[in-house]
Amino acid sequence: MRKKIVSAAAVFACGLVLVTGSVVAYKSQETEMYSTAGVFNYTAPAGYDKSEVTAPDTKGNSEVSVADANVVSTAARNTYGYTNLGMSNVSDTLNVRAEATTDSDIVGVMPGTAACEILEQDGDWYHIKSGDVEGYCLGEYILTGDAACDKADETVANKATVNCDALIMRDAPSTEAGVVETMKQGEKVTVVEELDGWFKVADSDKEGYCSAEYVTVGVEIPTAVDKEQASSNGGSSVVSNALQYVGGRYVWGGESLKSGVDCSGFTMKIYEQYGVYLPHSADAQKNMGTKVASLAEAQPGDLVFYGSGGYANHVGIYMGDGQLVHASSAKTGIKISNASYRTPIAIRRYL
């Protein structure tokens, strides 16, 4: 029996304004801050007129205009843009199927902790939409209600994405400060603190400051990966998926994207989501797929192997533009590096 799930679109409570919508923007220190989350609790300034808020229309759109608004965590619970928030709760990945049966086709894959909209319940299954993927997941692997909100609060990250060709991370909030590293366009780092015209940011093993002018900041929660899109986009989709785990733990012998992986465990679990099943060994993975002659001919999604004497002891996923995402070490975790930081001994393509 299918059961439709409904909830309120907008709530005014506890002196706070809860607004739903697909994207919310707020102005802070002359920097436009955009969030992929669509529900935020805003602290209303003294004398604030609630009429400034336009409630969602019948299409679910909304606008909010609050001077110097701050995103806060309150008892009203933030559902991050979802009317009926669900969160996957598995150690690695969760299949999204075309129908409410394990015999139906897999249409997408949710990472171990990812958000979805619960559309309805069908027996032991939930009909969900996550990102561009719509289908069915077994309900026992989906958190709802307060448990889903708790998981979302743990998972959500305020990310800064570089929107220029190259951006210097400095060791102090000044153009005269020393250089920590140079970040490429599209690279993401976690926002630690907002300053006047600067953000204090961190990746898996570095911390520094970058100019607010050259990054786009948004709240992000992982969503499902579409199987058809993965097939059509090939390696680019592999890279986008892999980048969700930057900052994650390195664990020797690990096979969990949530709890920790080593280098070949990382590539194995990422490619498993695309129907490519690799052994948990860099050297064994090196002997599979199609040979790529050189790094100059590598494409996004190819695996790059490192080692000596023809034996591979490390592997990472080529991102394009000379960059690599890989489970580097226990100290640095999953990170982005220059693909030439060591001399590759082999490159392989699997899609």
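Remember, predicted model here, so these are calculated numbers, not experimental data.
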How many angstroms lie between [atom1] in [X] and [atom2] in [Y], if you round to the nearest 0.5 Å?
{"X": "Leu85", "Y": "Thr144", "atom1": "CG", "atom2": "OG1", "value": "9.0 Å"}
{"X": "Ile334", "Y": "Cys263", "atom1": "CD1", "atom2": "SG", "value": "11.0 Å"}
{"X": "Leu94", "Y": "Glu140", "atom1": "CG", "atom2": "CD", "value": "9.5 Å"}
{"X": "Trp198", "Y": "Glu213", "atom1": "CH2", "atom2": "CD", "value": "10.0 Å"}

Answer yes or no: is there an ion pair linking Glu207 with Lys200, defined by an N-O contact shorter than 4.0 Å?
yes
Would you call Lys184 and Glu187 a salt bridge, using N to O less than 4.0 angstrom?
no
Is the side chain of [X] donor-acceptor paired with the backbone N or O of [Y] at a distance under 3.5 Å, no angle test?
{"X": "Arg249", "Y": "Ser259", "value": "yes"}
{"X": "Glu117", "Y": "Asn84", "value": "yes"}
{"X": "Glu181", "Y": "Ile168", "value": "no"}
{"X": "Asp283", "Y": "Ala312", "value": "yes"}
{"X": "Tyr318", "Y": "Gly322", "value": "yes"}
{"X": "Asp171", "Y": "Gly178", "value": "yes"}
{"X": "Asp262", "Y": "Gly253", "value": "yes"}
{"X": "Asn78", "Y": "Tyr80", "value": "yes"}
{"X": "Arg97", "Y": "Ser104", "value": "yes"}

Nearest heavy-atom pair of [X] and [Y]: which atoms, and what distance?
{"X": "Phe266", "Y": "Leu257", "result": "CD1-CD2, 3.8 Å"}
{"X": "Met110", "Y": "Cys116", "result": "CE-CB, 4.0 Å"}
{"X": "His326", "Y": "Ser337", "result": "NE2-OG, 2.8 Å"}
{"X": "Ser281", "Y": "Ser264", "result": "N-OG, 3.6 Å"}
{"X": "Thr223", "Y": "Ala115", "result": "CG2-O, 3.9 Å"}
{"X": "Pro344", "Y": "Ala339", "result": "CG-O, 4.1 Å"}

Taking it one step at a time, do Tyr136 and Glu120 satisfy side-chain contact (heavy atoms from CB on, under 4.5 Å)?
CA-CA 10 Å; Tyr136 294 83; Glu120 59 184 352; 4.1 Å; yes
Please determine whether residues [X] and [Y] belong to a single hydrophobic cluster, defined as Ile, Leu, Val, Met, Phe, Trp and Tyr linked transitively by side-chain heavy-atom distances below 4.5 Å.
{"X": "Tyr274", "Y": "Leu243", "answer": "yes"}
{"X": "Val251", "Y": "Met268", "answer": "no"}
{"X": "Val325", "Y": "Val304", "answer": "no"}
{"X": "Leu324", "Y": "Val315", "answer": "no"}
{"X": "Ile336", "Y": "Ile317", "answer": "yes"}

Any idea how His314 and Tyr341 line up, ring-wise: parallel (<30°), tilted (30 to 60°), or perpendicular (>60°)?
perpendicular
Is the shortest heavy-atom distance from the side chain of [X] to the side chain of [Y] under 4.5 Å?
{"X": "Val215", "Y": "Thr161", "answer": "no"}
{"X": "Tyr141", "Y": "Val90", "answer": "yes"}
{"X": "Leu143", "Y": "Asp150", "answer": "no"}
{"X": "Tyr250", "Y": "Thr332", "answer": "no"}
{"X": "Leu351", "Y": "Val238", "answer": "yes"}
{"X": "Ile347", "Y": "Leu303", "answer": "no"}
{"X": "Gln244", "Y": "Ile270", "answer": "no"}
{"X": "Thr79", "Y": "Cys149", "answer": "yes"}

Would you please test Tyr277 and Glu272 for side-chain contact (heavy atoms from CB on, under 4.5 Å) and show each step?
CA-CA 5 Å; Tyr277 298 95; Glu272 184 179 290; 3.5 Å; yes
With a 3.5 Å cut-off and no angle check, do the side chains of [X] and [Y] form a donor-acceptor pair?
{"X": "His280", "Y": "Gln285", "answer": "no"}
{"X": "Thr190", "Y": "Lys159", "answer": "yes"}
{"X": "Ser237", "Y": "Ser240", "answer": "no"}
{"X": "Gln185", "Y": "Asn163", "answer": "no"}

Hey, could you give me each pair passing side chain to side chain donor-acceptor pair (under 3.5 Å) that has a residue in residues 342-351? Not counting sequence neighbours.
Asp302-Arg349, Asn313-Arg342
Could you walk me through whether Arg170 and Val179 pass the side-chain contact (heavy atoms from CB on, under 4.5 Å) test, one step at a time?
CA-CA 5 Å; Arg170 298 186 180 276; Val179 175; 4.0 Å; yes
Tell me the ring-ring contact (aromatic ring centres under 6.0 Å, His included) pairs involving residues 171-191, sequence neighbours left out?
none
Between Lys129 and Leu119, does the side-chain contact (heavy atoms from CB on, under 4.5 Å) criterion hold? Intermediate values first, please.
CA-CA 7 Å; Lys129 183 173 176 60; Leu119 304 175; 4.3 Å; yes
So does Asp321 have more than 12 non-hydrogen atoms from other groups sitting under 6.0 Å from CG?
no
